[in-house]
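Here, residue 1 is the first one in the sequence, and each next residue gets the next number. Here the structure is a predicted model, which is why all the values come from computation and not from measurement. We count ligands from 1, going down the list as the structure has it; atoms in each ligand are counted the same way.
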Amino acid sequence: MKLKLDIKSNAIDSFNESLAKYEQGEAGDLRAFKFAISHLSHCIELVLKMYLQTLDENLVFAKCHKEVVKRAKSENINLLEAYNLLEGEDFDFKKVIKDHNNPYTVTVDQALSVAKCETCGITGSKFVDQDFIDDIQWMKDLRNSIEHYQFEFTAKEVRLCVGRLVRDLAVFTDVFSLFDLEEAVGKDRYHVFAVLIDEYEHDLQEAKLEVAETKAAIFNSTRPKHRMFIEWNEYTCEKCGNDTMIPNADSSTGYRCTLKDCENEESEEIEVDCDICGCPWPNGEMTSWVDTYSYVCPRCDNPEGW
Ligand SMILES: [Zn+2]
Ligand SMILES: [Zn+2]
């Protein structure tokens with residue numbers, strides 16, 4: 001029972017630590033992302049162990065896991081089915097580790113290999129989807145390379161992956177009734193969590209960051225006296241309603257929304273040059289003249305009106 005409580009409170013502590021470091025990383029301290037990854041990875045490891053304990057308290061130990069693997073192999077069934085079989089036969093897991101003072105616990109992969117077998121009783125679909133497993137793998141690799149000082153990641157990669165993992169973790173802890181992730185978040189970290197847990201909010205935050213980063217990159221790479229010639233506009237996207245339409249070299253209109261899955265390129269606000277006087281105007285206010293000009297500004301279209 002004590003082990004159970006320790007695992008849960010450690011998992012929650014690690015999660016809150018991870019959020020604190022994530023916030024620092026987001027504020028520009030890239031080194032802090034390293035610790036955000038380590039803490040989150042530790043939290044996930046503990047949560048997976050908590051899941052095993054819902055089956056049998058001793059299943060967190062590698063030796064007990066091995067018994068399940070052995071049975072699965074001999075019967076040619078999956079690990080969960082093998083566990084259920086052993087459980088039905090009143091297999092004594094406690095006895096397996098009886099003579100060991102400090103038995104090894106399972107690895108993340110071992111814990112995942114059992115959780116992976118869980119399916120929804122109603123729909124038959126898997127509770128742990130492949131994307132979650134891939135993200136955990138990515139994070140594990142990253143943590144390993146961090147420990148060996150060979151890490152290479154972009155801040156954006158970390159931010160996106162942490163967001164997905166936090167959302168998956170919330171589902172996982174809920175599906176297996178481990179604890180309420182949202183309730184476990186400390187008050188002073190809640191604003192960080194609130195963005196990560198909401199996929200749209202998180203994507204929007206990324207889109208705004210991309211606007212700021214792209215702008216900074218363009219201005220920083222241009223010599224000060226040439227900066228006045230930069231054509232930088234931020235438009236409101238007509239599709240998603242955010243102020244996230246910025247210049248994009250690959251776009252046919254010259255602009256593209258930075259919000260994931262929006263990527264709209266059309267806006268009546270985008271300025272084009274008048275075919276007659278050459279002045280820029282929002283394209284929505286332009287008139288096209290049959291067989292002559294495609295874009296005529298209101299001033300050239302109706303000179304008397306001005
Ligand atoms: Zn948009
Ligand atoms: Zn004109």
Side-chain angles (χ1 to χ4, degrees), residues 22-23 25-28 129 131 135 153-168 170-171 191-222 226-306:
Y22 181 87
E23 188 176 24
E26 220 179 14
D129 67 8
D131 292 341
D135 281 335
F153 56 80
T154 68
K156 194 178 179 90
E157 271 179 321
V158 172
R159 293 196 305 259
L160 290 177
C161 188
V162 167
R164 288 194 302 270
L165 283 167
V166 166
R167 292 190 290 275
D168 285 337
V171 174
H191 58 288
V192 186
F193 175 78
V195 171
L196 289 171
I197 199 67
D198 184 325
E199 192 171 0
Y200 182 80
E201 280 303 316
H202 192 206
D203 285 345
L204 184 56
Q205 181 160 308
E206 282 300 321
K208 286 177 180 167
L209 274 169
E210 193 173 329
V211 170
E213 284 167 1
T214 310
K215 185 175 181 181
I218 289 179
F219 279 80
N220 291 340
S221 64
T222 308
H226 291 145
R227 282 184 193 155
M228 58 185 287
F229 301 115
I230 298 175
E231 276 196 51
W232 178 269
N233 291 301
E234 289 165 28
Y235 296 122
T236 304
C237 173
E238 285 168 3
K239 202 169 139 198
C240 71
N242 299 298
D243 298 328
T244 43
M245 279 195 84
I246 56 168
N248 184 307
D250 298 329
S251 160
S252 58
T253 64
Y255 285 83
R256 187 179 288 164
C257 173
T258 56
L259 182 68
K260 190 177 159 227
D261 299 332
C262 177
E263 292 161 17
N264 169 39
E265 298 185 350
E266 308 289 335
S267 168
E268 294 201 334
E269 282 186 51
I270 297 174
E271 291 186 345
V272 287
D273 292 339
C274 170
D275 289 334
I276 296 174
C277 68
C279 289
W281 280 87
N283 73 76
E285 293 175 27
M286 292 286 199
T287 315
S288 77
W289 288 3
V290 183
D291 294 334
T292 47
Y293 303 115
S294 330
Y295 296 109
V296 178
C297 76
R299 227 175 342 196
C300 298
D301 189 45
N302 181 17
E304 275 95 67
W306 287 81

Check your understanding: Is the distance from the Zn ion (ligand 2) to the nearest N/O/S atom of C297 under 2.8 Å?
Key -> yes
Practice item. Write down the atom of E23, the atom of V192, and the distance for their closest heavy-atom approach. Key: CD-CG2, 3.7 Å
Check your understanding: Quick one: angle C277 SG - the Zn ion (ligand 2) - C274 SG, to the nearest 10°?
Key -> 110°
Point to revise | Basic-acidic side-chain contact under 4.0 Å: R256, E265 | key: yes
Exercise for review: Apply salt bridge (Lys or Arg N to Asp or Glu O under 4.0 Å) to E206 and R159, showing your working.
Suggested key: CA-CA 8 Å; E206 282 300 321; R159 293 196 305 259; 2.6 Å; yes
Check your understanding: Hey, what's the angle at the Zn ion (ligand 1) spanning SG (C262) and SG (C240), nearest 10 degrees?
Key -> 120°
**Study point:** Any side-chain heavy-atom pair of S288 and Y295 under 4.5 Å
**Key:** no
